[in-house]
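Numbered from 1 within each chain, the chains take letters A, B, ... in sequence-line order. Computed from a predicted structure; not experimentally measured. FYI, side chains are in, hydrogens and waters are out, and symmetry mates aren't considered; it's all heavy atoms of this structure.
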Amino acid sequence: MLLSAPDRTIRRVCIQKFHVVTESGYWNKVDELAALSKDVLTEVHTPGEGVVKACFARRPNYNNLVPALLEIGVCDELLIRCGLSLHIPLRSMSGGITRDLGKMLTNLQGRDCSLKSKYDGHQAQVHCDEHSKVTIFSRHLEVMTDKYLDLVALVPKIRAKGVESLIIEGETLANRARKDVVIGTVKTEVKSIDATSADSGAVSEFFKSATDVRCEGIKVKVLDNLPNPDLPPDDVDADRVLLPPSTPQKRKGAAAAKAKKKSSANDVVVNSKSSTHRKALLATYEPDKRLDFWLEVKKHYNTSADTIDLISVGAWHGISRKCKWWSPILLAVRNSGTGYLEAVTKCISGFSDKFYATNRAKYDPDDGGGTNVNSKPSYIEYGGRPSVWFEPQEVWECALADITLSPTYMAALGLVREERGLSLRFLGFSRVREDKGNEEAGTSDFLAELYGKQQARALQKGEEKIRDAEKEEW
DNA sequence: GGTGCAGCCTC
DNA sequence: TTCGGAT
DNA sequence: ATCCGAAGAGGCTGCACC
């Protein structure tokens, strides 16, 4: 394994320090620990592990964590020493993901909740300090500040009076979502409603309207969480990030904002203005946890996602774990005019290992199969070169989240846009359609139609404000 | 200066 | 992002 | 439960090359 330069430094420091610790009797303790049973040992280790993990989630930086560990060990103070810090990204908190809207409603058992549409964009974590220095991190905590210069300029300006520094998280719509999406829909004011999960009609309606305007789905936050008994109201742990006063109507986008602090342990901003005329959200932001009061229902997780029947026409050799099988697999739609099969995407998702094995056996001549062919059949439209071409004979039902105008695939070329074909986003294999022959597979017309519907829904729901797209919307 | 591709990023 | 599989 | 790895689409950037 390659170590980056800082890691090497750390390793050296560790070794030196352990020698010191050894001389002062640390080994005795190690011997004691070694004598303990596994269960007891787990009991000893687990709380410590929790503390270290919590620190690392708040400040994923070994240069801080390791020296502090060596100096003070695993203790509560570590959470202060290695707590949240501006311009160092904290790990993102995610909501629990729910596949099925109905199931979610059942789970919520009628509790009150706040619903927000979740934009289909890029997650960004924005840090702004008292000198208006802004740093922006991506979902994977990469520094993306330079990609969002307008945001860098904007954030200090919109900072509320009295807030010295802040960390917020939200969704930016800089890339994909702005390209092929009707801008008017992007400009739509962020939708947010409070509802009770007993009103399944309202929730379903909200989900539908959100996905219609090409949001990724919705976020559902339970409003009536009781305070955590472990956290007295005046708790001021520095590691805990606290929500600012909740103003959901104003708060924009998927910006599940949280706030702020200064470096001293006793200077955490608490929910000061208690002007909320609604039930409180749980106030803590736990960067390393998925939370049961916060759920996401996404379009492409949804069991009611669109499906299309595609024909498998070729594949590549898999690598490493999948080297015995073919993956990815090339799929095509049928052009009902020409009879040609037009490649529309490669599929990697939804296959079990067993399915891969069966698939290999079926098409590989060396495996008793024998229905793949050496060269590209003339009736297949595809510019690339798979490892093998299949003799088209299977129709697969696949679920998809979105249809995209593709720079590479030529399926449905000209039906939506001259020079551009269509492809599929988040495609997953569902099942083999034993009951369907090639002639009954999805057509390029159908695909184009589906694309049209997708756009039309967005247009219809979208608001009129088209003009002046700011580079990022929240 | 334009194009195409590799590499890296996002979902 | 997805998924399935291993741990 | 959690983590890991194999891969998809598309977008942007920077560089080599014409």
Side-chain angles (χ1 to χ4, degrees), chain A residues 1 42 46 49-50 53 57 89 91-92 94-97 99 118-125 136-149 169-181 214-217 254 288-292 296 298-303 305 310 312 314-331 343-359 383-384 386-387 396 398-411 420-431 447 451 471-472:
Chain A
M1 181 185 170
T42 305
T46 302
E49 187 181 325
K53 277 186 176 168
R91 292 238 297 260
S92 257
S94 338
I97 288 165
R99 196 165 223 93
K118 184 177 189 313
Y119 278 149
D120 184 1
H122 287 177
Q123 188 174 313
Q125 187 184 114
I136 300 172
F137 301 96
S138 70
R139 178 184 185 79
H140 298 301
L141 313 186
E142 305 286 338
V143 178
M144 290 282 150
T145 313
D146 293 347
K147 296 235 166 67
Y148 299 109
L149 291 179
E169 194 169 71
E171 200 83 0
T172 65
L173 301 183
N175 300 332
R176 200 200 87 79
R178 284 206 332 147
K179 274 258 152 100
D180 297 329
V181 168
R214 304 203 59 185
C215 281
E216 195 180 48
D288 46 349
K289 295 192 172 73
R290 280 201 184 251
L291 299 162
D292 56 5
E296 291 177 7
K298 294 192 185 178
K299 186 180 167 186
H300 42 276
Y301 294 131
N302 200 29
T303 42
L310 301 170
S312 51
W316 287 258
H317 294 295
I319 58 173
S320 87
R321 198 179 76 80
K322 299 190 179 180
C323 65
K324 292 204 214 73
W325 309 311
W326 284 320
S327 174
I329 295 173
L330 185 65
L331 301 174
V344 67
T345 192
K346 289 181 252 186
C347 187
I348 56 160
S349 194
F351 305 116
S352 63
D353 288 9
K354 204 174 167 191
F355 183 90
Y356 281 126
T358 310
N359 183 254
S387 314
W396 294 353
C398 298
L400 63 122
D402 268 318
I403 303 167
T404 55
L405 273 172
S406 173
T408 49
Y409 288 92
M410 294 300 142
R420 288 261 249 169
L422 298 176
S423 189
L424 307 169
R425 185 166 175 241
F426 300 140
L427 188 77
F429 167 81
S430 304
R431 62 189 174 118
L447 185 62
Y451 180 86
K471 294 228 170 94
E472 280 82 32

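- Every residue meeting the side chain to side chain contact (heavy atoms under 4.5 Å, CB included) condition with A/P386, not counting sequence neighbours, appears here in chain and number order: A/W316, A/L330, A/Y382, A/W389.
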Base versus backbone protein contacts along nucleotides 2-9 of chain D [heavy-atom cut-off under 4.0 Å; B, S, -]: ---SSBBS

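- A/W325 is linked by a ring pair (Phe, Tyr, Trp, His ring centres under 6.0 Å) to A/Y356, counting only residues two or more places apart in sequence or in another chain.
- Nucleotides B/dC5 and C/dG4 have their P atoms positioned 34 Å apart, rounded to a whole Å.
- With sequence neighbours left out, the salt bridge (Lys or Arg N to Asp or Glu O under 4.0 Å) criterion links A/E49 to A/K53.
- Applying the side chain to side chain contact (heavy atoms under 4.5 Å, CB included) rule to A/T408 yields the partners A/S406; only residues at least two apart in sequence or on another chain are considered.
- A straight line from CG of A/L141 to P of B/dC8 spans 18 Å, rounded to a whole angstrom.
- Atom P of nucleotide C/dT2 and atom CG of A/D353 are separated by 19 Å, given to the nearest angstrom.
- Under the rule for a side chain to side chain contact (heavy atoms under 4.5 Å, CB included), the partners of A/S138 that lie at least two apart in sequence or sit in another chain are A/H140, A/E142, A/M144.
- Nucleotides C/dT2 and B/dG7 are separated by 27 Å at their P atoms, to the nearest Å.
- If you check every strand for non-hydrogen atoms under 4.0 Å, A/G428 touches nothing.
- Side-chain contact check for A/L400 versus A/T345: every heavy-atom pair is 4.5 Å or farther apart.
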